[in-house]
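Below, read A as the first sequence line, B as the second, and so on, with proteins coming before strands; counting in each chain starts at 1. Hydrogens, waters and symmetry mates play no part in the numbers below; they use all other heavy atoms, side chains included. Keep in mind the model is a prediction, meaning the values are calculated, not measured.
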There are 2 protein chains.
Amino acid sequence: MYEKKNPKDLSCGIGVTLEIIGGKWKPCLINSIHKGIHRPSELARQNPTASKRVLSLQLKELEEHGVIRKVIYPVLPPKVEYFLTGLGESLLPIVDLMETWGEDVLAKGVVVKKNR
Amino acid sequence: MYEKKNPKDLSCGIGVTLEIIGGKWKPCLINSIHKGIHRPSELARQNPTASKRVLSLQLKELEEHGVIRKVIYPVLPPKVEYFLTGLGESLLPIVDLMETWGEDVLAKGVVVKKNR
DNA sequence: GGATATAGGGGCAAAATTTTCACTATGACA
DNA sequence: TGTCATAGTGAAAATTTTGCCCCTATATCC
């Protein structure tokens with residue numbers, strides 16, 4: 001982990017929200033967990049473009065922020081499951097809107113800028 | 001500008017949404033413009049922690065994505081105003097939720113992790 | 001003349017985030 | 001034995017985002 005040099009902007013609500021779900025895959029993770037995908041390996045299979053590493057990191061951050069809860073089963077091979085906490089569930093309206101808004105834009109064929 | 005090397009994930013709606021409002025200040029900008037702050041200099045004063053440069057860049061991207069509309073007045077000194085398009089307004093529910101969710105979390109004193 | 005405000009661009013560097021790859025450890029399976 | 005799946009970490013590199021500083025041009029005001 002590295003030191004943050006620039007202060008987070010926690011003055012406005014949006015800043016706070018971004019601090020918590022701002023990661024590239026965090027909204028997807030919340031979404032997937034809500035849909036019943038609980039194990040890390042399954043989450044990784046769901047998002048093949050995400051590196052295993054980031055998923056791991058972002059899951060950890062979500063847990064540290066109290067958005068998800070981690071259950072470790074003392075088995076071998078390892079088994080872990082993640083669940084939304086109350087705080088996590090309170091994020092669902094936002095995540096759902098993001099999901100449907102994006103689908104909508106896709107469906108309507110509104111142009112999304114390509115990579116340059 | 002630089003070449004993007006990593007493909008954007010536009011497979012899921014969330015990916016698309018993040019592509020458009022994923023910038024650090026974009027939700028804030030949308031919010032501010034909606035609240036009647038239209039000129040760049042005012043927007044900059046509203047978010048003192050953001051550098052002029054980034055605001056400029058993100059406004060440009062929002063415009064390229066069709067979220068906001070730019071009006072240039074042929075005056076001196078220059079005058080410019082930004083307005084939400086229909087697409088931009090369709091984002092308001094998301095932005096509003098982000099705003100209120102964050103405020104709520106702040107008010108309830110739920111711990112937000114500090115800089116490390 | 002000189003300072004200020006306006007909107008924005010360029011170059012460059014710093015910071016932040018993400019990717020890649022190697023590695024731990026163990027039970028099950030062929 | 002060798003391989004696979006499991007969950008996760010560490011170091012280092014690549015990529016993306018942001019910040020800083022200087023520059024243009026002009027009208028207004030002191």
Side-chain angles (χ1 to χ4, degrees), chain A residues 1-9 15 18-29 33 37-64 68-82 113-116, chain B residues 1-9 15 18-29 33 37-64 68-82 113-116:
Chain A
M1 222 34 91
Y2 42 74
E3 289 287 324
K4 295 267 172 77
K5 299 290 175 52
N6 296 329
K8 300 277 173 176
D9 180 14
L18 284 180
E19 166 69 11
I20 293 184
I21 61 168
K24 184 167 178 179
W25 300 98
K26 288 181 186 173
C28 290
L29 287 172
I33 292 176
I37 321 267
H38 298 293
R39 302 187 60 180
S41 52
E42 293 171 346
L43 290 167
R45 269 190 288 274
Q46 272 258 317
N47 313 45
T49 33
S51 69
K52 213 181 43 166
R53 186 93 164 82
V54 208
L55 292 184
S56 212
L57 287 177
Q58 307 217 339
L59 283 169
K60 190 196 289 185
E61 289 182 17
L62 286 175
E63 193 200 354
E64 288 173 347
I68 60 178
R69 184 167 44 87
K70 179 178 186 175
V71 178
I72 304 177
Y73 299 89
V75 225
L76 270 167
K79 176 174 179 181
V80 166
E81 287 187 325
Y82 291 99
K113 203 178 44 180
K114 298 289 199 323
N115 291 345
R116 274 162 301 165
Chain B
M1 220 34 90
Y2 42 75
E3 290 287 325
K4 293 267 171 79
K5 299 289 176 53
N6 295 330
K8 300 277 172 176
D9 181 14
L18 284 179
E19 167 68 11
I20 293 184
I21 62 167
K24 185 167 179 180
W25 300 99
K26 288 182 186 172
C28 289
L29 287 173
I33 293 175
I37 321 267
H38 298 293
R39 302 187 61 180
S41 53
E42 293 171 345
L43 290 166
R45 270 190 288 274
Q46 270 259 317
N47 313 47
T49 34
S51 71
K52 214 182 40 166
R53 183 100 164 78
V54 201
L55 290 184
S56 211
L57 287 176
Q58 307 217 340
L59 283 169
K60 190 195 288 182
E61 288 183 18
L62 286 174
E63 193 200 354
E64 287 173 348
I68 61 178
R69 185 167 43 88
K70 179 178 186 174
V71 177
I72 305 177
Y73 300 88
V75 223
L76 271 166
K79 174 173 179 182
V80 166
E81 287 188 325
Y82 291 99
K113 203 176 42 178
K114 300 287 201 319
N115 292 346
R116 270 165 301 165

Would you say [X] and [Y] make side-chain contact, with heavy atoms under 4.5 Å?
| X | Y | value |
| --- | --- | --- |
| B:Leu62 | B:Ile33 | no |
| B:Thr49 | B:Trp25 | yes |
| B:Leu29 | B:Ile68 | no |
| A:Glu42 | A:Arg45 | yes |

Each nucleotide N or O in nucleotides 24-30 of chain D that has a protein N or O under 3.5 Å away: list the pair and distance.
none

Sequence neighbours excluded, which residues qualify as side-chain contact (heavy atoms from CB on, under 4.5 Å) partners of B:Ser56?
->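 If we apply the side-chain contact (heavy atoms from CB on, under 4.5 Å) test to B:Ser56, skipping adjacent residues, there are no hits.
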Please give the angle, rounded to 10 degrees, between the axes at the start and the end of the helix from C:dG1-D:dC30 to C:dA30-D:dT1, where five pairs define each axis.
->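 For the helix from C:dG1-D:dC30 to C:dA30-D:dT1, the axes at opposite ends meet at about 20°.
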Expressed as a whole number of angstroms, how long is the span from [X]:[atom1] to [N]:[atom2]?
| X | N | atom1 | atom2 | answer |
| --- | --- | --- | --- | --- |
| B:Glu61 | D:dT16 | CD | C1' | 11 Å |
| B:Lys26 | D:dT16 | NZ | C1' | 12 Å |
| A:Glu64 | D:dG8 | CD | C1' | 14 Å |
| B:Leu55 | D:dC20 | CG | P | 12 Å |
| A:Leu18 | D:dT17 | CG | P | 14 Å |
| A:His38 | D:dA7 | NE2 | C1' | 17 Å |

Ignoring backbone atoms, establish whether [X] has a side-chain N or O less than 4.0 Å from OP1 or OP2 of [N].
| X | N | value |
| --- | --- | --- |
| A:Gln58 | C:dT18 | yes |
| B:Tyr82 | C:dG8 | yes |
| A:Lys60 | D:dT9 | yes |

Tell me what B:Tyr73 touches on the nucleic acid: a base, only sugar-phosphate, or nothing, going by heavy atoms under 4.0 Å.
->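 B:Tyr73: no heavy atom of the nucleic acid under 4.0 Å.
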Tell me what A:Glu81 touches on the nucleic acid: a base, only sugar-phosphate, or nothing, going by heavy atoms under 4.0 Å.
->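 It contacts nothing in the nucleic acid.
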Sequence neighbours excluded and cut-off under 3.5 Å, please list the side-chain donor-acceptor pairs for residues 69-82 of chain A, or say none.
{"unit_1": "A:Tyr73", "atom_1": "OH", "unit_2": "A:Glu81", "atom_2": "OE1", "d": "2.7"}

Reported SG-to-CG distance for the pair B:Cys28 and B:Leu55, which is rounded to 0.5 angstrom =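 So the gap between those two atoms works out to 9.5 Å.
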Looking at NZ of A:Lys60 and CD of A:Glu63, how far apart are the two atoms once the value is rounded to the nearest 0.5 Å?
->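 These two atoms lie 9.0 Å from each other.
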Between N or O atoms, less than 3.5 Å apart, protein on one side and nucleotides 19-21 of chain C on the other: list the pairs.
{"unit_1": "C:dT19", "atom_1": "OP2", "unit_2": "A:Ser51", "atom_2": "OG", "d": "3.2"}

Mind listing the closest non-hydrogen atom pair of A:Pro27 and B:Leu18 along with its distance?
->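 Smallest heavy-atom distance, with atoms named: CG-CD1, 4.2 Å.
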Please report the closest heavy-atom contact between A:Lys26 and A:Ile21, naming both atoms and the distance.
->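 Heavy-atom minimum between the residues: CB-O, 4.0 Å.
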Strand contacts (DNA chain D) in residues 39-48 of chain A, 4.0 angstrom heavy-atom criterion |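 Listed by number, they are A:Arg39, A:Pro40, A:Ser41, A:Arg45.
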